[in-house]
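All heavy atoms count here, side chains included; hydrogens, waters and symmetry mates do not. Chain letters run A, B, ... following the sequence lines, proteins first, then strands; residues in each count from 1.
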Number of protein chains: 2
Amino acid sequence: MNRTGNGVSFNLEALPRFSERRSLGDRVLKSLRQAIVRGAIGPGDRMVENRIAEAMGISRTPVREALHKLEQEGLLERLPRGGFVVLGLSRKDIEETFGIRGVLESYAARLSALKYQRDELVPLHEKAAEYERFLNGRDLDALTRINTQFHDLLYALSRSPRLIRMINELRDQIFRFRQIILSNAALARVSHEDHKRMLERIEKRDADGVERLVKDHIMRGCAAVLQAYDDDQSSFNPSPGRLLEERLRAGGEKRQGKGQ
Amino acid sequence: MNRTGNGVSFNLEALPRFSERRSLGDRVLKSLRQAIVRGAIGPGDRMVENRIAEAMGISRTPVREALHKLEQEGLLERLPRGGFVVLGLSRKDIEETFGIRGVLESYAARLSALKYQRDELVPLHEKAAEYERFLNGRDLDALTRINTQFHDLLYALSRSPRLIRMINELRDQIFRFRQIILSNAALARVSHEDHKRMLERIEKRDADGVERLVKDHIMRGCAAVLQAYDDDQSSFNPSPGRLLEERLRAGGEKRQGKGQ
DNA sequence: AAAGAGATGATTCGATCCAACCCTGAAACC
DNA sequence: GGTTTCAGGGTTGGATCGAATCATCTCTTT
């Protein structure tokens, strides 16, 4: 981490700063995306360049850039009267997204099974073990994170950057509901079994097997999310039964008192 | 002039104008994307806000917006020294892209086979017939266009807008080579046979069958493109064997004499 | 002559300004 | 009283300007 390079000219402190070297627009993009994915900006919320810029104490230019990119990513939608809304998910949206994830991720797993090199499975085994260690705990957040990392590691073996990028984008769209998936302890345990089976198949270069495993795995996640959806749509959709505009006008501005 | 606020008169002429109501940024985006896809701006060409804006006689703001979006779409890449380059395709890129298209489009076709309604196949049959009529002609451009339309119609039946959007983006990335695919008369004929078989399967709701057909169809296209690639890499890559920068410095500005 | 420091040019990024647009509400007119 | 028109506010879009960045080139110094 903080390599305080004492005395030597190999000052590595300059390197970490590179991550902060992003443009303001990029940081705004990332920040807003995170806020949406984490649910801090629920679905149905209206986003206006002006207010966001003011709240952040910056000009509208980088905010505009970020909003446009978010729209392109499918997280936002242009409002007829100006501004954007955070998209909610209908039941159909959930089914659609999981369907695409199913084919994409199972394909990635297939490629991984075919292409991985000898010692590249070690990190995967480690990650699976780490997952197991958290299974009995109550740290859902960690479980979610480790689960994501496992899949990331798996798909990385496919050496298909486009594919990985597309998978990540899709995952963002339903990340909010990943919590829901894994908050079901039973499902978390099943997931762990799935992971172990996947690794077995991959070691045997059984592409068909792992493809089917991953597809089933995803579809189980889909079923869990749909279950949660039927139980409580309010966390998926903008305030139900009411028009967005009405809600906005009624609710006034949300958390704007941030100042600079 | 467009303030036809009366609303009562059935003046439908006002409607078509709606499509021109795009913002400048959007038009620039579309224009540049088309230029890239059509090959007017070959791979390896450098694109700089300033020059494009000047050439178009507009400010740099909409150009910047367009370039960023093109980057997000994967057609452009940021250059370390400023500006962007149009990405070329390596053999690996081609295989990767077609692989993803294979799973995505075959999945879309599967959904279409399951979801289509009674009379929705009519336009597809018509399009296939239209394709056949052009088969013996030499109008490759028309053949390409009709072929694309056929697939668009097919996937539209899946009622999966996200999926369609992803397919379109991937198609753009290799559209330049679609010409190559269909310029092979034999392949064009095979494609037509494929289309007819797809329709047969779909009518029987044979999802598995049509899925396999489409995947094979795509993979045949992949093989054709790879063949063309091996024959002549120059149309896929920036000037071979030379660094982009060198080429740029050596070649000076390309076709900039457009002025305003 | 080689190496380093500063100047220079090209380029993107962020801020700000102005114009266009759309909706809304109210006033005026028929 | 209903309809039309006009004015106003909010919002985005485009232009322009200043600043920061980065590489290259040159000049100076050792």
Side-chain angles (χ1 to χ4, degrees), chain A residues 9 14 17-18 20-32 45-72 76-85 243-246 248-249 252-253 256 260, chain B residues 1-9 14 17-18 20-32 45-72 76-85 243-246 248-250 252-254 256 260:
Chain A
S9 55
R17 295 201 182 279
F18 174 75
E20 309 175 22
R21 269 269 171 248
R22 301 189 290 266
S23 72
L24 226 195
D26 264 8
R27 269 179 294 172
V28 173
L29 172 64
K30 207 153 192 169
S31 156
L32 288 181
D45 281 348
R46 184 165 175 236
M47 307 187 71
V48 175
E49 287 181 11
N50 217 347
R51 311 201 183 164
I52 298 174
E54 261 178 34
M56 291 187 169
I58 58 179
S59 94
R60 275 174 40 216
T61 308
V63 177
R64 188 199 306 192
E65 198 181 308
L67 289 183
H68 283 183
K69 287 186 179 174
L70 250 15
E71 181 197 14
Q72 206 177 4
L76 259 42
E77 192 184 47
R78 202 170 285 262
L79 226 44
R81 308 173 75 285
F84 296 80
V85 272
L243 235 48
L244 289 185
E245 292 200 329
E246 313 245 302
L248 286 168
R249 214 174 310 162
E253 25 266 22
Q256 297 252 341
Q260 192 203 10
Chain B
M1 60 178 157
N2 44 9
R3 282 284 312 191
T4 55
N6 49 28
V8 185
S9 60
R17 296 198 182 279
F18 175 76
E20 306 177 24
R21 270 267 168 250
R22 301 191 292 264
S23 72
L24 226 196
D26 265 8
R27 270 180 293 173
V28 172
L29 171 64
K30 207 153 192 168
S31 156
L32 288 181
D45 281 348
R46 184 165 174 232
M47 307 187 72
V48 175
E49 284 181 14
N50 218 345
R51 312 202 182 163
I52 297 174
E54 261 178 33
M56 290 187 169
I58 58 179
S59 96
R60 281 173 31 216
T61 308
V63 177
R64 187 200 307 192
E65 200 180 307
L67 288 182
H68 283 182
K69 287 186 179 173
L70 251 12
E71 181 197 15
Q72 205 177 6
L76 260 42
E77 193 183 48
R78 204 171 284 263
L79 225 45
R81 309 173 73 282
F84 296 80
V85 272
L243 236 48
L244 288 183
E245 290 200 331
E246 312 247 300
L248 285 168
R249 212 175 312 161
E253 25 268 18
K254 283 207 82 129
Q256 296 255 339
Q260 191 214 359

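Between the side chain of A:R46 and the main chain of A:G82, a donor-acceptor pair closer than 3.5 Å is present.
Applying the side chain to side chain contact (heavy atoms under 4.5 Å, CB included) criterion to A:R60, with sequence neighbours excluded, gives A:E49, A:N50, A:A53, A:R64. Remark: B:S31 engages B:M56 in a side chain to side chain contact (heavy atoms under 4.5 Å, CB included) (not counting sequence neighbours). Remark: B:E77 engages B:V85, B:L87 in a side chain to side chain contact (heavy atoms under 4.5 Å, CB included) (not counting sequence neighbours). Partners of B:E71 under the salt bridge (Lys or Arg N to Asp or Glu O under 4.0 Å) rule, at least two apart in sequence or in another chain, are B:R78.
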Anything under 3.5 Å between a protein N or O and an N or O of nucleotides 9-12 of chain C, put it in a table, one pair a line.
from, atom 1, to, atom 2, distance (Å)
C:dT11, OP1, B:R46, NH1, 3.3
C:dT11, OP1, B:R46, NH2, 3.2
C:dT11, OP1, B:R51, NH2, 3.2
C:dT12, OP1, B:G83, N, 3.1

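Put simply, CD on B:E65 is 14 Å from P on C:dG14, counting in whole angstrom units. Distance CG (A:L79) to P (D:dT12): 10 Å, rounded to an integer number of Å.
For the pair B:S59 and D:dA15, the criterion of a side-chain N or O lying under 4.0 Å from OP1 or OP2 is met.
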